Amino acid sequence: MDKGKEKFPVYVTQPTLPPLDDFLPYLAQIWESKCLTNAGPFHQQLEQALCQYLGVKHISLFTNGTLALVTALQTLRITGEVITTPYSFVATAHSLLWNGIKPVFVDIDPVTLNLDPARIEAAITPQTTAIMPVHCYGQPCDVDRIQKIADTYGLKVIYDAAHAFSVQYNGASVLNHGDLSVLSFHATKVFNTFEGGAIICQDAKTKSRIDHLKNFGFVDEVTVIAPGINGKMSEINAAFGLLQLKGVDQALAQRKVVEKHYRRALAEVDGIECLPELAHKEGNHAYFPILVKPGYPLTRDALFEKFKANGIFARRYFFPLISDFPMYKSLPSAASANLPVATKAANEVICLPIYPDLALQQVDFIVSLIAK
Ligand SMILES: *Cc1c(COP(=O)(O)O)cnc(C)c1O
């Protein structure tokens with residue numbers, strides 16, 4: 001392998017950027033129209049284009065995924081307690097605290113690492129109003145079982161779908177499940193608008209409530225219906241999203257090649273497990289987690305340090321668990337005895353670098369560090 005040609009360091013992800021020249025006409029249009037934000041033409045075009053690309057009915061764009069999560073909870077007037085996963089990015093639970101809601105952590109499934117439907121019912125109390133699962137790494141949750149529980153107990157379901165851009169489940173978008181799904185378009189995600197996010201909903205009335213809530217609660221010039229936030233996506237971000245969307249199929253295809261390469265090479269390595277590829281879904285190859293099992297000669301953290309020493313900056317997503325952060329750890333549901341599967345996964349996982357431009361030579365080098 002010719003290491004001289006490779007780029008070091010390698011980070012867990014790297015955004016795909018279209019040629020700068022391709023973005024200039026969009027900027028020229030913004031300069032000419034002087035329309036910078038507030039549901040301008042690019043904002044409207046991107047909403048339409050994403051509905052079509054993702055196969056969803058209604059989408060409302062946001063400044064970022066976190067404000068979209070906070071607003072999703074307000075859209076459905078969620079209060080009291082919400083059942084959620086400890087194995088996620090901290091923004092999932094933060095969105096509950098920002099609404100004065102008590103998170104109730106439920107353990108995850110050992111295969112998919114998503115919220116375990118078999119454990120949800122035991123966590124429901126008279127205060128429970130909703131379930132907030134996460135399609136972790138873009139692996140679809142068990143959406144049918146979750147919906148059945150929600151219907152039985154009269155609960156809402158809001159998916160944190162920050163990892164699930166373009167993910168298909170049983171031949172249709174996974175984003176059509178639940179009452180609402182929330183996307184993130186942060187720079188580290190599969191599809192990015194620098195910063196950005198969105199809420200997907202099923203009807204026009206809900207979409208209009210979301211649009212009011214992200215614009216201070218304004219319905220018209222003189223009517224404010226709620227203490228809404230400013231969550232509007234700007235025209236620059238929306239224009240960039242339109243340009244990004246043109247290249248997203250190719251980016252997903254390149255990610256798939258990288259994932260296949262990892263899977264083939266790592267199948268031989270004792271003590272390293274990959275998450276299973278599920279038959280009824282088409283993923284987006286957003287992340288490539290491995291589990292470092294007790295049979296492997298190094299601890300997870302020793303392997304993580306070995307990567308670093310070799311210029312490979314992998315990430316321990318998700319470690320620590322959300323439930324271990326100071327603002328959550330005193331909750332009864334945050335005890336590690338309540339979350340044995342999540343606790344184990346958090347101590348075994350490393351997400352390896354994966355992005356469209358990652359050279360297969362680099363993948364081979366990363367695998368060689370694991371195998372040696
Ligand atoms: C990225 C992410 C978020 C937050 O999205 P931002 O756009 O960065 O605010 C929320 N939840 C999960 C699971 C994420 O990965």
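First listed ligand is number 1; within each ligand, the first listed atom is number 1. Note that the structure is a prediction, hence the values are computed from the model and not measured. Atom set for the values below is all heavy atoms of this structure, side chains included, hydrogens, waters and symmetry mates excluded. Each residue takes its place number in the sequence, starting with 1.
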Quiz prompt | Mutual orientation of the aromatic rings belonging to Phe23 and Phe240 [parallel < 30°, tilted 30-60°, perpendicular > 60°] | solution = perpendicular
Quiz item: Below 4.0 angstrom, N of the basic side chain to O of the carboxylate: do Arg255 and Glu259 qualify?
Solution: no
Output, or 'none' if empty, a list of ligand 1-protein atom pairs in which both atoms are N or O and the distance is under 3.5 Å, rounded to 0.1 Å.
{"from": "ligand 1", "atom 1": "5 (O)", "to": "Ser184", "atom 2": "OG", "distance (Å)": "3.2"}
{"from": "ligand 1", "atom 1": "7 (O)", "to": "Gly65", "atom 2": "N", "distance (Å)": "2.8"}
{"from": "ligand 1", "atom 1": "7 (O)", "to": "Ser184", "atom 2": "OG", "distance (Å)": "2.7"}
{"from": "ligand 1", "atom 1": "9 (O)", "to": "Gly65", "atom 2": "N", "distance (Å)": "3.3"}
{"from": "ligand 1", "atom 1": "9 (O)", "to": "Thr66", "atom 2": "N", "distance (Å)": "2.9"}
{"from": "ligand 1", "atom 1": "9 (O)", "to": "Thr66", "atom 2": "OG1", "distance (Å)": "2.6"}
{"from": "ligand 1", "atom 1": "11 (N)", "to": "Asp160", "atom 2": "OD1", "distance (Å)": "3.4"}
{"from": "ligand 1", "atom 1": "11 (N)", "to": "Asp160", "atom 2": "OD2", "distance (Å)": "2.7"}
{"from": "ligand 1", "atom 1": "15 (O)", "to": "His163", "atom 2": "NE2", "distance (Å)": "2.8"}
{"from": "ligand 1", "atom 1": "15 (O)", "to": "Lys189", "atom 2": "NZ", "distance (Å)": "3.2"}

Quiz item: Where do Tyr159 and His177 land on the ring-ring contact (aromatic ring centres under 6.0 Å, His included) test, with the steps shown first?
Solution: CA-CA 8 Å; Tyr159 283 103; His177 291 276; 7.4 Å; no
Self-check item: Partner residues of Arg119 under the side chain to side chain contact (heavy atoms under 4.5 Å, CB included) criterion, sequence neighbours left out
Solution: Val106, Asp107, Asp116, Val341
Quiz item: Which word best sums up how the rings of Tyr317 and Tyr287 line up, parallel for under 30°, tilted for 30 to 60°, or perpendicular for over 60°?
Solution: perpendicular
Quiz prompt | Flag, side chain of His135 to backbone of Pro140, donor-acceptor distance under 3.5 Å | solution = no
